[in-house]
Amino acid sequence: MADLLTPGAIATIMNGDEYPNPVVQILGTKPVPCKEGQEQRYRLLISDGRHLNSYTMLATQLTPMLQQGELVDYTIIKITNHLVTKINKNDDKGPTRILVIIDLVVVKHGSEVGEKIGNPCHAGDTNQPKEAMQPPTTPARPSSSSSSSVSNGTGNRRSIDITHFNSPMASKTHPIVSLSPYQNNWVIKARVMTKSPIRTWSNAKGEGKLFSVDLVDESGEIRATGFRDAVDKFYELLEENKVYLISKCQLKMANKKFSSLKNDYEMTFTDDTRIVPVEEDDTSIPTIQYNFVKLDAIQDSAAGQLIDFVGVCKAAGDIVNLTSRTTNRELKKRDLTLVDQSKAAVTLTLWGNQAEDFNTDGNPIVAVKGGKVGEFNGGKSVSLIGGSAFHINPDIPEAHRLRGWYDGLAGDTKFTSISASADGGSSGKWCTLAEAIDEKLGYGDKADYFNTYTTVMHVKTDRCVYKACPTPECNKKVIDQNTGQYRCEKCNQEFESFKYRIMLSMNIGDFSGTQWVTLFHDAAEEMLGAKGDQIGRWQEEESSEFGEVFKKITLKPFTLRLRAKVENYGDESRLKMVVMSAKPPDYKDRCRRLVAEIKQLAGLSS
DNA sequence: CCCCCCCC
């Protein structure tokens with residue numbers, strides 16, 4: 001096993017020399033104390049069989065590997081990408097060199113190794129004679145596939161001694177992936193993917209203005225923000241799609257809530273920050289980088305997550321004006337329906353100018369970076385937020401593929417909507433009543449929604465309408481004072497009128513079983529095809545119409561959208577199902593689903 | 001140092 005290691009590698013690296021793909025053994029790991037809210041970082045003790053090094057850090061993107069148990073003690077790893085950085089400790093011993101592992105491959109898991117290899121000792125300092133530090137004549141086999149996309153021709157070692165930034169021709173730049181708060185002596189050569197508008201803020205802590213740019217190079221991406229003076233200094237200089245040499249920024253932990261960029265850090269421009277445009281466009285620097293997910297995967301994304309995706313705009317709603325309930329601001333929004341090859345359809349909400357300026361002609365391709373997943377009525381949708389990038393018909397392979405796919409699509413192609421429409425329209429799964437019970441729908445933390453074909457077995461008509469507070473937003477039952485006045489306890493007010501509200505209980509059934517369900521006002525009106533006030537008056541007048549309205553739906557089939565949720569009453573819990581919407585059955589759709597199900601059961605589905 | 005990003 002000892003021959004797996006590359007003795008001498010540690011000394012070579014810590015002396016500042018190059019050593020490709022060193023293979024070392026992990027002999028210890030420990031978390032580094034960090035501030036609250038910061039991502040945990042780990043320090044390692046490694047051995048190359050000859051020397052130990054405890055000044056080794058794991059790049060944060062490798063933290064999950066460690067936390068998942070892949071980097072236990074005795075594990076042998078090949079370091080496929082690393083950098084050496086100096087930190088000044090507050091003593092007189094001069095700077096300490098830290099080895100930062102950026103990428104690695106597990107050669108042999110610690111459980112298979114089970115012991116310390118050789119008898120390594122702490123290397124002296126870097127003042128040892130250089131001759132003693134040369135790598136062996138047969139270094140470890142080069143890595144065939146490093147997961148890092150860095151290929152700037154400088155090998156694995158990241159030079160850290162770039163101080164010649166005075167010249168924009170500075171040839172040695174650092175990959176974005178290597179930036180960390182531990183080291184500020186770097187220059188990156190990066191392209192501006194997107195630039196935000198200037199925004200102002202005003203809060204208890206003060207006021208100011210800011211903007212941010214998302215930067216990219218071959219190795220990765222990072223967001224940079226300029227505040228106040230930095231806005232005046234850099235906003236005009238930085239243009240989308242142009243390449244710049246940038247140095248002397250402050251790095252801090254990124255808040256993933258506001259950026260989908262693949263970087264644990266983000267940077268802030270400081271008074272020392274230098275930004276120099278690169279006049280000749282360097283085509284080796286990529287343009288915007290997307291981490292696309294297929295639209296059907298959005299179904300499984302958590303609300304609040306930021307995602308990148310691309311789709312064809314199949315349909316667009318009107319521009320809608322509304323007032324924010326929380327901020328009272330006037331808002332404009334527009335919902336687009338996007339589709340892709342996964343046959344999923346998802347709603348993308350545009351706001352403000354983007355809603356107004358969007359042109360639906362020719363079913364444009366829409367690419368989004370950093371769209372925010374939302375949840376409504378059991379469906380998932382995406383909304384553009386401040387940090388999102390939004391590109392129409394981008395010149396990227398995925399967009400061309402989508403265009404070709406969509407243009408060749410049969411006109412009657414069906415898509416599965418994973419977003420709920422505002423009218424409670426269909427989305428999500430279909431199942432029978434028995435399947436809903438078997439699958440324990442409604443037993444999770446959140447309510448479950450499903451669609452079902454069912455027949456109305458029985459409607460309970462007693463107490464199905466009640467007199468409610470006439471205030472538009474209040475639907476509380478009023479107390480009839482029998483003086484022509486109706487009292488609402490919630491509004492603490494008496495009114496001369498009321499409105500009828502419906503709350504209906506009914507039993508529904510299909511071949512698999514039956515279920516008691518509740519319908520509130522809007523769904524009940526939809527299903528009964530009559531207004532609550534009308535039904536209330538029929539009841540008052542003891543009109544035969546009252547009975548007729550319920551008879552009309554009894555033993556009739558419907559497509560229902562149901563909400564299932566367990567509710568607790570004291571120590572008793574009961575599964576409650578509420579009808580969100582009721583539509584006459586679409587037999588064509590019903591048949592299509594049954595045929596698909598039969599094919600699947602028969603093993604004939606493709 | 002922002003970090004609000006809205007609605008059904």
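The sequence lines fix the lettering, A, B, ..., with proteins before strands; numbering per chain opens at 1.
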Given atom [atom1] of [X] and atom [atom2] of [N], what is their separation to the nearest angstrom?
X: Leu384(A); N: dC5(B); atom1: CG; atom2: C1'; value: 10 Å
X: Asp335(A); N: dC6(B); atom1: CG; atom2: P; value: 12 Å
X: Asp522(A); N: dC8(B); atom1: CG; atom2: C1'; value: 12 Å
X: Arg329(A); N: dC5(B); atom1: CZ; atom2: P; value: 9 Å
X: Asn321(A); N: dC7(B); atom1: CG; atom2: C1'; value: 12 Å
X: Leu331(A); N: dC5(B); atom1: CG; atom2: C1'; value: 9 Å
X: Leu350(A); N: dC5(B); atom1: CG; atom2: C1'; value: 13 Å
X: Leu348(A); N: dC7(B); atom1: CG; atom2: P; value: 17 Å

From the options [options], select the nucleotide whose nearest atom is closest to the side chain of [X].
X: Lys333(A); options: dC8(B), dC6(B), dC2(B); result: dC8(B)
X: Ser324(A); options: dC2(B), dC7(B), dC4(B); result: dC7(B)
X: Thr349(A); options: dC6(B), dC7(B), dC2(B); result: dC7(B)
X: Leu322(A); options: dC3(B), dC7(B), dC6(B); result: dC7(B)

Gln354(A) (side chain) and dC5(B) (base): donor-acceptor pair under 3.5 Å: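 Checked by distance alone, the answer is no.
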Base dC1(B) to side chain Arg228(A), donor-acceptor N/O within 3.5 Å cut-off: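 Answer yes: a donor N or O sits under 3.5 Å from an acceptor.
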5' priority, DNA chain B, between Asn203(A) and Gly386(A) [closest heavy atom]: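 Nearest-nucleotide comparison on DNA chain B picks Asn203(A).
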pi-stack flag for Phe376(A) and dC8(B), centroid dist under 5.5 Å, interplanar under 30°: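 The ring of Phe376(A) is stacked on dC8(B).
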pi-stack flag for Phe258(A) and dC3(B), centroid dist under 5.5 Å, interplanar under 30°: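 It does: the ring sits over the base of dC3(B).
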Need one value for [X]: base, sugar-phosphate or nothing, where a base atom within 4.0 Å counts as base even if backbone is also close, heavy atoms only.
X: Lys209(A); result: nothing
X: Gln250(A); result: nothing
X: Ser383(A); result: sugar-phosphate

Cation over ring face, Lys195(A) and Tyr235(A), 6.0 Å, 45°: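 Pair Lys195(A)/Tyr235(A) counts as cation-pi.
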Look at the side-chain N and O atoms of [X] and state whether any lies under 4.0 Å from the OP1 or OP2 oxygen of [N].
X: Lys372(A); N: dC6(B); answer: yes
X: Ser419(A); N: dC8(B); answer: no
X: Lys257(A); N: dC2(B); answer: no

Salt bridge (charged side-chain N to carboxylate O under 4.0 Å, His left out) contacts in which one or both residues fall within residues 198-212 of chain A, not counting sequence neighbours: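 Matches after skipping sequence neighbours: Lys209(A)-Asp232(A).
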Pairwise salt bridge (charged side-chain N to carboxylate O under 4.0 Å, His left out) hits with a residue in residues 362-375 of chain A, at least two apart: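 Those involving residues 362-375 of chain A are Glu221(A)-Lys369(A), Asp308(A)-Lys369(A), Glu375(A)-Lys446(A).
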Heavy atoms of other groups near Asn359(A) CG, more than 12 under 6.0 Å: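 More than 12 within 6.0 Å, yes.
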Parallel, tilted or perpendicular: rings of Phe390(A) and Phe358(A) (30°, 60°):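 Phe358(A) and Phe390(A): tilted rings.
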Candidate pair Trp516(A) and Met577(A), rule side chain to side chain contact (heavy atoms under 4.5 Å, CB included), full reasoning: CA-CA 7 Å; Trp516(A) 281 96; Met577(A) 289 201 193; over 6 Å; no
